[in-house]
Chemist: 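Okay, here's the structure, questions in a sec.
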Amino acid sequence: MTASAWQFHPLKTALGVLGVLGVARDGDGDPIPADKRVLFATLVGQAALAHERLQLEAQAREVSALKQRDDLRATLLSSIGHDLKTPLTAVVAAADQLASEYGASPTTATLQSEARRLRRVFDDLVEMTRIEAGALVMRQEATDLTDAVAAAAHDLRAELARHRLILDVPPTLPLVEADPRMLHHVLINLLGNAAKFAPADTDIIIEGRRTPDGLTLGVLDQGPGLPPGREAHLFDRFTRVDGDDRSGGTGLGLAIVQGFAQAMGLSVSASNRETGGSAFLRDLAQSTDPAYGSGMTAQILIVDDEAAIRRLVRGAVERAGLTADEAATAHDALTAARRPGCELVLLDLGLPDRDGIELVPLLKAMDRAVIVLTARDATAEKVAALDLGADDYVVKPFDTEELLARIRVALRRHNAAAAGQDRLKVGPVEIDLAAHQVWRDGVSVKLTRKEFALLAELARHAGKLLTHAHLLRVVWGEGHIDDVEYLRVAVRALRLKLEADPAAPALVLNEPGIGYRLVA
């Protein structure tokens, strides 16, 4: 190199070689004289350091920009979670109130339908924001597919009313490893997608099958099928097929399905069925854990800092024959709850002077039934409120009729607990707590000691959502509050012995990731 016209020197740094410096001199001779080589080497080293500093500054700016973007996403997520949920709740409640006051009409039906559509769009946007922001908090646990499928079908009962829903998920399938909340959202989106595109009066099938590596859960429909060659692209964001714009699609539902599936380490795929229609299949890993009437008069206290929500909820409960009082702060809520006649409190958690969750044990100490009515939808928030004694947990936006039903159940349970009973009847099931006997439709049912203890605890709080930790603590003891698989196996045994159709449970219902309730 020293004898050539050019010399090339690499700019070496801790980041690697960032460039090459070439030098030459006019005329003949060495480009770098011997007496200048040390000085030149120093200059090359300084040039490399300067170049490295420029690179590091550029990377720092990129990191700063990414952090600002993530902060903005977090702020947006928080804003959506409260600022949009509250007015959406008011819109949904107002639509229900109009239908109740003026009867069914094309206008009110359209308003209710579009309000539900807006709710689905809102949920899709929130979940997609969480996925992109990396804000998903996963709680993988042994999960019963029967529970997951039944809960999703119940939540989408209005959308599925035009179809024949066939549940082909054997109750004897093993438990799977999944996050119950994410699995619930996946099924909601797949079922909603099938209901959207499949013609009325056709079958939608939920099919569970064992495979050599675990299980496969499929949602099959008889719709127009998928565009050939585009099956893999359906899971991209904002991808919509022909007719999706007319059906109110956002193009986010299947992207959310894939995002949640990937977070749980699962795979999901789409294909056309040979008999027509579409098939969406996902592979699940088998769990490795061992061998789950009005007519009342009462005063309801509505605690919410939003006047519009208080007004709409009050209108709904008063039309149901109940009386109502209101409070906008925690201080006013505690004062009103002490008044004679107050039996049940509808409690928002986002109060201006105190976190509403701190009021739950105080209200229970006053012997008041408590239903949390809030925009907070995190599983940890639900579990915390229920473990503190809340009788139920309803997330905004909510269905007014469902809220009234939950109020009636909480009041019946509250009054029954005050009276005290040794013989309980819940739907077709009758339980003698003293004699440790159980009948279904008059026929004696043999239960193990743990199965009876679990059923008795659920029956004592019939209609109330009891958390996994509570049931495990009561039935198995304090040392087993994390052994959810014990509970799921016991629930499965109860369903096989008590349910008319164990694959579509109607007595012991599951709230994904939270707990169980016994319903009539």
Side-chain angles (χ1 to χ4, degrees), residues 73-93 118-120 122-131 133-139 151 155 179-182 184-185 188 256 260 301-310 312-313 327-330 333 344-364 369-400 402-403 406-407 410 464-470 511-515 517:
R73 281 179 173 174
T75 302
L76 175 62
L77 182 60
S78 175
S79 176
I80 289 176
H82 184 271
D83 295 341
L84 293 185
K85 257 191 179 180
T86 298
L88 180 56
T89 300
V91 171
V92 173
L118 182 60
R119 179 191 297 178
R120 289 194 297 271
F122 168 81
D123 289 340
D124 283 350
L125 289 172
V126 170
E127 295 305 336
M128 199 69 241
T129 304
R130 283 177 173 156
I131 291 172
L136 293 179
V137 178
M138 189 171 62
R139 297 178 63 227
D155 284 357
D179 180 295
R181 185 186 67 85
M182 291 187 186
H184 183 71
H185 278 286
I188 286 287
I256 291 169
F260 280 179
L301 175 60
I302 304 164
V303 183
D304 199 300
D305 61 336
E306 295 283 343
I309 300 297
R310 296 199 307 272
L312 288 167
V313 174
T329 66
L344 184 144
V345 180
L346 296 175
L347 178 65
D348 183 27
L349 299 183
L351 300 177
D353 57 336
R354 190 172 183 178
D355 193 324
I357 202 166
E358 298 176 9
L359 272 61
V360 174
L362 301 178
L363 293 169
K364 296 302 293 183
V370 177
I371 295 179
V372 174
L373 189 62
T374 180
R376 300 181 188 175
D377 60 355
T379 300
E381 296 270 10
K382 297 179 183 179
V383 171
L386 292 167
D387 278 342
L388 286 172
D391 294 82
D392 211 336
Y393 197 106
V394 179
V395 177
K396 301 174 182 176
F398 53 85
D399 180 86
T400 304
E402 181 180 352
L403 175 62
R406 296 197 181 198
I407 290 174
K464 180 178 180 179
L465 179 60
L466 301 180
T467 65
H468 296 150
H470 172 86
E511 183 76 20
I514 300 175
R517 73 172 90 232

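Computed from a predicted structure; not experimentally measured. One-based numbering along the sequence shown.
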Chemist: How would you list, by chain and number, every residue that makes a salt bridge (charged side-chain N to carboxylate O under 4.0 Å, His left out) with D155, sequence neighbours excluded?
Modeler: none

Chemist: List in chain and number order the residues that pass salt bridge (charged side-chain N to carboxylate O under 4.0 Å, His left out) with R517, two or more places apart in sequence or in another chain; answer none if no residue qualifies.
Modeler: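 Per chain and number, R517 pairs via salt bridge (charged side-chain N to carboxylate O under 4.0 Å, His left out) with D392.
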
Chemist: If you take all heavy atoms of G389 and K464, which pair is closest and at what distance?
Modeler: O-NZ, 3.5 Å

Chemist: Verify side-chain contact (heavy atoms from CB on, under 4.5 Å) between E402 and V394, making sure each step is shown before the conclusion.
Modeler: CA-CA 9 Å; E402 181 180 352; V394 179; over 6 Å; no

Chemist: Considering only NZ, NE, NH1 and NH2 on the basic side and carboxylate oxygens on the acidic side, decide whether D391 and K364 come within less than 4.0 Å.
Modeler: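 Answer for the salt bridge query: yes.
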
Chemist: I need the D387 CG to L466 CG distance, nearest 0.5 Å.
Modeler: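 Going from CG on D387 over to CG on L466, the span is 10.0 Å.
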
Chemist: Listing request: all side chain to side chain donor-acceptor pair (under 3.5 Å) pairs with a residue in residues 354-363, at least two apart in sequence or in separate chains.
Modeler: R354-E358, D355-R376

Chemist: Kindly compute the distance separating CD1 (I309) from CZ (F398), expressed to the nearest 0.5 Å.
Modeler: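 Rounded to the nearest 0.5 Å, the CD1-CZ separation comes to 6.0 Å.
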
Chemist: So how far is it from R310 CZ to D305 CG, rounded to the nearest 0.5 Å?
Modeler: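 CG of D305 is found 8.0 Å from CZ of R310.
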
Chemist: Does L373 form a side-chain contact (heavy atoms from CB on, under 4.5 Å) with L403? I'd like the steps, not just the answer.
Modeler: CA-CA 9 Å; L373 189 62; L403 175 62; 4.2 Å; yes

Chemist: Over all heavy atoms of both residues, which pair between T400 and A93 is shortest? Give the atoms and the distance, please.
Modeler: OG1-CA, 3.9 Å

Chemist: Which heavy-atom pair separates V372 from A390 by the least distance, and what is that distance?
Modeler: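 Heavy atoms only, the tightest pair is CG2-CB, 4.0 Å.
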
Chemist: With sequence neighbours left out, write down each residue that passes side chain to side chain donor-acceptor pair (under 3.5 Å) with T329, or none if nothing qualifies.
Modeler: D332

Chemist: Indicate every side-chain donor-acceptor pair of residues 379-386 with a distance under 3.5 Å to a residue at least two apart or in another chain.
Modeler:
none

Chemist: Check ring-ring contact (aromatic ring centres under 6.0 Å, His included) between H468 and all other residues, then give those that pass, not counting sequence neighbours.
Modeler: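 If we apply the ring-ring contact (aromatic ring centres under 6.0 Å, His included) test to H468, skipping adjacent residues, the hits are Y516.
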
Chemist: Taking atom OG1 of T374 and atom CG of L351, what is their separation to the nearest 0.5 Å?
Modeler: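 Answer rounded to 0.5 Å: 8.5 Å.
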
Chemist: Could you grab the distance from atom CD1 of I371 to atom CG of L347, nearest 0.5 Å is fine?
Modeler: 10.5 Å

Chemist: Rounded to the nearest 0.5 Å, what's the gap from CG on L344 to CD1 on I302? Could you check?
Modeler: 10.0 Å

Chemist: For M182 versus F260, what's the shortest heavy-atom pair and its separation?
Modeler: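 Heavy atoms only, the tightest pair is O-CD1, 3.6 Å.
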
Chemist: To check you understand the geometry: which heavy-atom pair defines the closest contact between G513 and P180, and what is its length?
Modeler: N-CB, 3.0 Å

Chemist: Looking at D377 and R181, does any basic side-chain N land under 4.0 Å from a carboxylate oxygen?
Modeler: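 No, D377 and R181 are not salt-bridged.
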
